[in-house]
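Heads up: the structure comes next, in structure tokens.
Throughout, a chain's letter reflects where its sequence line sits, starting with A, and its residues are numbered from 1.
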Amino acid sequence: MASKSVIQSVKGTREFYPEEMAQRNYIYSKVREASQTFGYQEWDAPFLETIDLYAAKSGEELVKEQSFCFPDRGGDLITLRPELTPSLARMIAQKQGELAYPVRWWSFGPFWRYERPQRGRSREFFQWNVDMLGVNSPEADAELIAVGATFLKLAGLTPQFATIFVNNRRLMDAQFDALGIPAEKRLDVSGAVDRRTKMEPVKWDEYVLEIGLSQEQLDGLKQILTNFDLWQKSDELVRLFKALEALGVKEYVKFDPNIMRGLLYYTGTVFEAFDTSGSVRRAIFGGGRYDNLLRDVGGDPLSGVGFAMGDVVIGILLKEKGLIPAFVPTPAPVLVTIFDESLWMESFSLAAELRATGIKVTSYPEPAKLPKQFKFADRMGAKVTIVIGPDEAAAGKVTIKNLTNSTQETVARADVEKTVRKILEG
RNA sequence: GCGGCUGUAGCUCAAUGGCAGAGCACUUGACUGUGGAUCAAGAUGUUGUGGGUUCGAAACCCAUCAGCCGCCCCA
């Protein structure tokens with residue numbers, strides 16, 4: 001094997017060998033199932049966008065520090081999309097008058113962020129996005145949470161392993177107001193709330209006082225953040241939890257006043273799913289309600305709710321918990337061996353006959369010792385091997401071996417399909 | 001962008017300044033028409049890269065690259 005001479009992959013990019021590709025496709029299949037169960041339509045947006053799309057709305061840091069950005073041949077600044085929502089807003093705005101509302105769209109595709117790779121985070125990742133636009137209600141919020149919960153359920157993550165924590169920006173703003181925290185400090189306070197669990201309590205207290213809150217306000221804030229019954233003061237959240245119960249996913253959801261989410265554009269309900277068994281401390285998915293997004297790209301005001309899930313964290317979790325199905329290397333359960341030069345084409349035409357009946361068949365590509373061919377079949381996860389040797393050829397027969405239980409039988413050529421199907425179905 | 005840890009065979013790792021090794025995997029054979037088990041034999045290296053210290057470096061020092069963990073950030 002060459003080693004030092006191999007040109008390295010770009011830092012933080014993903015190489016999907018067949019096993020990893022199977023895992024990615026598995027996640028994709030569950031994402032699709034969860035989305036379609038609720039009637040969401042699949043869509044996608046360009047992978048390349050001009051930087052202006054993000055400059056308008058996304059945070060400074062995202063555009064300047066964390067996006068892959070380069071000039072094209074005409075000198076325009078092109079960005080590898082770091083998120084989907086601005087593209088969504090534009091595409092909705094462009095056809096705002098002709099879409100059937102509510103719009104329920106989902107997407108699963110690649111994104112890029114120029115961050116430092118570490119556990120649960122790479123520079124290239126796949127992200128599931130689900131959004132509903134045109135309905136502004138706690139019940140719509142509940143549906144999105146239910147889509148997420150349904151995915152968790154389909155993937156085998158029970159409420160014991162994963163929890164969706166919910167909060168509401170309006171509720172928190174009202175609480176901050178009641179403490180006399182001025183509106184211009186809300187952002188700083190939200191930031192402080194976000195990092196509370198990451199800091200030592202004493203340090204966090206100092207940090208909050210540094211922002212400019214009084215000791216009294218700090219005490220009040222801490223009271224709010226430890227009050228897990230606070231949701232009862234929010235009509236929206238009361239309705240949300242009622243709807244979640246009706247939708248059958250309540251056991252996945254908990255109110256948590258500490259959930260804020262960094263995104264500026266969330267205006268109401270926000271939520272974040274976490275692994276509760278403690279291996280990865282990053283969010284599995286997160287989202288919330290945004291009211292002003294379309295207006296920011298020139299459309300008419302239209303409220304939406306949505307969330308996004310990266311493939312990296314969920315992939316680690318599912319793998320760790322043994323929830324990814326065992327990898328079978330070959331998609332073809334049948335392997336036809338090539339006995340020798342003279343019987344080569346005999347095997348090829350048998351393989352073709354079987355394929356014509358709809359069975360997936362691979363053949364050894366050339367004559368080789370049978371042990372080698374059987375070993376290959378075994379390593380590729382084939383269930384059936386077929387041998388046409390001189391004896392079979394002379395008798396117009398074929399030997400079929402069931403690799404699962406090591407039995408084999410020699411049957412007339414006309415019975416091959418039937419025999420193979422019996423093994424594959426049994 | 002900042003801090004810490006780690007780079008040795010395809011993989012997981014040993015060798016603490018004195019001949020670069022083991023297990024797994026691989027190849028071959030036992031078994032010339034049958035995989036997964038067992039046994040035997042064999043092959044495998046620019047010790048990430050570049051420099052320095054030393055009689056002597058995988059080990060110590062400097063630089064650099066890569067990976068991991070954390071910080072920042074997570075839209």
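Of the two residues contacting RNA chain B, namely Y114(A) and G12(A), the nearest-nucleotide position lying further toward the 5' end is that of Y114(A). Nearer to the 5' terminus of RNA chain B, by closest-nucleotide assignment, is the contact made by L370(A) (compared with the other of L370(A) and E272(A)).
The R116(A) side chain lies nearest to rG4(B) when the options are rG4(B), rG33(B), rC73(B). Residue P390(A) has its side chain nearest to rG33(B) when only rG35(B), rG29(B), rG33(B) are considered. Closest to the side chain of Q66(A), from the set rG67(B), rC26(B), rC73(B), is rC73(B). Of the candidates rU34(B), rG70(B), rA66(B), the closest approach to any side-chain atom of K401(A) belongs to rU34(B).
Taking the ring centre of F16(A) as origin, the terminal cationic atom of R24(A) falls inside the region bounded by 6.0 Å and 45° from the ring axis.
For the pair K369(A) NZ and rG33(B) P, the computed distance is 10 Å after rounding to whole Å. Put simply, CD on E115(A) is 10 Å from C1' on rC72(B), counting in whole angstrom units. At whole-Å resolution of the value, CZ in F376(A) and C1' in rG35(B) are 12 Å apart. Straight-line distance from the CG atom of D391(A) to the P atom of rU32(B): 16 Å, rounded to whole Å. Straight-line distance from the CD atom of Q118(A) to the C1' atom of rC69(B): 7 Å, rounded to whole Å. Atom P of nucleotide rU27(B) and atom CZ of R379(A) are separated by 7 Å, given to the nearest angstrom. Nucleotide rC74(B) holds its P atom 14 Å from the CD1 atom of I259(A), rounded to whole Å. Nucleotide rG35(B) holds its P atom 14 Å from the NZ atom of K372(A), rounded to whole Å.
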Run the numbers on R289(A) and N136(A) for side-chain contact (heavy atoms from CB on, under 4.5 Å), then give the verdict. CA-CA 8 Å; R289(A) 172 156 298 279; N136(A) 184 0; 3.3 Å; yes
Mind running ring pair (Phe, Tyr, Trp, His ring centres under 6.0 Å) on W128(A) and F151(A) for me, showing each step along the way? CA-CA 11 Å; W128(A) 177 35; F151(A) 167 81; 5.3 Å; yes
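For the P atom pair drawn from rA20(B) and rG48(B), the interatomic distance equals 15 Å after rounding to whole Å. The separation of rU54(B) from rA59(B), taken at their C1' atoms, amounts to 13 Å, rounded to a whole angstrom. Separating the P atom of rG7(B) from that of rU47(B) is a span of 15 Å, rounded to the nearest Å. Spacing of C1' atoms, rA58(B) relative to rA43(B), comes out at 23 Å, to the nearest Å. Nucleotides rG70(B) and rU28(B) place their P atoms 44 Å apart, quoted to the nearest Å. When the C1' atom is compared between rC60(B) and rC74(B), the two are found 41 Å apart, to the nearest whole Å. rG56(B) sits 24 Å from rA9(B) when the C1' atoms are compared, rounded to a whole Å. Comparing the P positions of rA15(B) and rU53(B) gives a spacing of 28 Å, expressed to the nearest Å.
If you check distances only, the side chain of R121(A) does reach the base of rC73(B) with a donor-acceptor pair under 3.5 Å. Checked by distance alone, Q408(A) brings a side-chain donor or acceptor within 3.5 Å of a matching partner on the base of rU34(B). In terms of polar N and O atoms assigned as donor or acceptor, the side chain of Q373(A) never comes within less than 3.5 Å of the base of rG33(B) in a complementary pairing. Remark: the S406(A) side chain and the rG36(B) base include a donor-acceptor N/O pair separated by less than 3.5 Å. Below the 3.5 angstrom threshold, one finds a donor paired with an acceptor across the side chain of D378(A) and the base of rG35(B).
Residue pairs meeting the side chain to side chain donor-acceptor pair (under 3.5 Å) criterion with at least one member in residues 374-398 of chain A, sequence neighbours excluded: E392(A)-T399(A).
With a cut-off of 3.5 Å on both Watson-Crick or G-U wobble distances, the partner of rC73(B) is given as none. Base pairing of rA59(B) is not made with any nucleotide, judged by Watson-Crick or G-U wobble geometry with both donor-acceptor distances under 3.5 Å. Using N1 to N3 plus N6-O4 or O6-N4 for Watson-Crick, or N1-O2 and O6-N3 for G-U wobble, each under 3.5 Å, rC19(B) pairs with nothing. Across all strands shown, nothing is found opposite rG36(B) as a Watson-Crick or G-U wobble partner with both distances under 3.5 Å. When both pairing distances are held under 3.5 Å, rC68(B) makes a Watson-Crick or G-U pair with rG4(B). Applying the Watson-Crick and G-U wobble criteria (two distances, each under 3.5 Å), rA43(B) pairs with nothing in any strand.
Residue contacts shown for T385(A) are absent, as no nucleic acid heavy atom lies under 4.0 Å away. Note on Q127(A): nothing from the nucleic acid sits closer than 4.0 angstrom, heavy atoms only.
For the OP1/OP2 pair of rG35(B) and a distance below 4.0 Å, the side-chain nitrogens and oxygens of K383(A) include no atom meeting the criterion.
Here F271(A) and F165(A) keep their ring centres 6.0 angstrom or further from each other.
The aromatic rings of F228(A) and F255(A) sit perpendicular to each other, their planes meeting at more than 60°, with 30° as the lower class boundary.
Here the side chain of R169(A) pairs a donor or acceptor atom with the backbone of M260(A) at under 3.5 angstrom.
Residues K321(A) and D275(A) are paired through a salt bridge, judged by an N-O separation under 4.0 Å between the basic side chain and the carboxylate.
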